[in-house]
Amino acid sequence: MAFITSGAAAVSGASLTARRAFTGAAVCPVPSGRTSPAAATWSMSAGGLRTFLVGGNWKCNLSKDAITSLCKELAAAPDLETDKVEVVLAPPTPYLDHTRSVLRQDFEVAAQNIWVGGPGAYTGETAAEMIKDVGCTWVILGHSERRNLLQIRESDDFIAQKTKTALSHGLKVMFCIGETLEEREEGRTLDVCVRQLHALAETIGADDWKDVVIAYEPVWAIGTGKIATPDQVEEVHEKIRHYLAGDVNDKVAQETRILYGGSVSPGNCNELAQLPDVDGFLVGGASLKASFLEVIESFKSDLAATV
Ligand code: PGA
């Protein structure tokens with residue numbers, strides 16, 4: 001499915017200054033049977049439409065004691081204006097319950113995975129109902145480590161089905177997408193992102209997108225210290241929004257938050273937070289330390305860039 005190519009996208013200086021006041025015709029070809037976005041014109045109303053969100057993905061790290069200590073350090077921070085920034089932390093499954101009990105109440109807890117169906121004879125799996133039962137409100141799905149690790153290899157369709165299951169149980173979903181280095185070098189970045197998103201668009205209804213946040217995480221930037229440039233990030237985020245306008249609808253394109261993930265740190269978050277189509281971050285390594293608070297605080301750079 002060659003919907004769009006990275007070469008077609010360009011970051012306009014105007015979009016960087018006119019924070020979320022974008023008006024433009026979408027340009028992404030869409031699958032047959034859908035409305036062409038070429039005719040769609042939609043605008044981003046300024047301010048408040050998409051609350052900044054910072055997720056911390058602890059992956060397969062930390063211990064019960066380490067989580068207790070980290071949560072204490074996070075709690076020591078002053079009021080974070082959580083009406084302006086939403087914070088979600090994702091511990092390993094065995095620590096979900098414990099994290100919920102020691103984490104400050106204005107932060108939410110996410111699982112890093114769920115089973116595609118309900119409870120039953122599924123050894124080693126965790127059902128959405130169980131995640132909800134211990135006070136989690138989110139789940140991360142489609143992370144590149146689950147899509148690409150040879151031992152796991154989750155397919156687009158499986159991830160879309162899991163997302164549908166999560167949403168049907170009232171969990172919100174951070175839906176991760178992104179290209180490998182090889183795919184980027186072959187000019188297939190946007191084809192890959194659209195393929196991953198289209199699997200979801202075919203599986204959930206337009207109304208379901210209100211509980212979905214997209215996390216664009218180029219695989220080559222995850223855990224490598226090699227961050228995508230602001231131009232590379234904005235280019236993909238803007239095209240994702242155009243794609244949503246065409247394959248779903250204008251409202252979803254306007255309202256869906258698109259996070260960036262991949263080597264985000266206190267040193268680079270403020271510049272990225274100012275980009276018009278960046279609505280927050282999904283953070284791995286830098287979320288394991290109390291300095292994660294500095295990444296959360298980057299919502300102020302986002303607000304300052306809003307016109
Ligand atoms: P990183 O991981 O911040 O360590 O690069 C991001 C992620 O995998 O979500």
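Here, residue 1 is the first one in the sequence, and each next residue gets the next number. In each ligand, atom 1 is the first atom listed, and ligand 1 is the first ligand listed.
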*Using side chain to side chain donor-acceptor pair (under 3.5 Å) as the criterion, list what pairs up with Gln196, not counting sequence neighbours.*
none
*Whether Asp279 side chain and Ile258 backbone form a donor-acceptor pair below 3.5 Å*: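 Answer holds: yes.
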*Do we see a donor-acceptor contact under 3.5 Å between the side chains of Thr180 and Glu183?*
yes
_Can you tell me if Glu129 has over 12 outside heavy atoms packed within less than 6.0 Å of its CD?_
yes
*Heavy-atom cut-off of under 4.0 Å around ligand 1: list whichever protein residues fall inside it, by chain and number.*
Asn57, Lys59, His143, Glu217, Ala221, Ile222, Gly223, Gly262, Ser263, Leu282, Val283, Gly284, Gly285
*Note, Val213 side chain near Lys172 side chain (heavy atom, < 4.5 Å)*: no
*Name the one of Glu179, Lys239, His237 that satisfies side-chain hydrogen bond (donor to acceptor under 3.5 Å, both in side chains) with Tyr216?*
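Exactly one pass, corresponding to Glu179.
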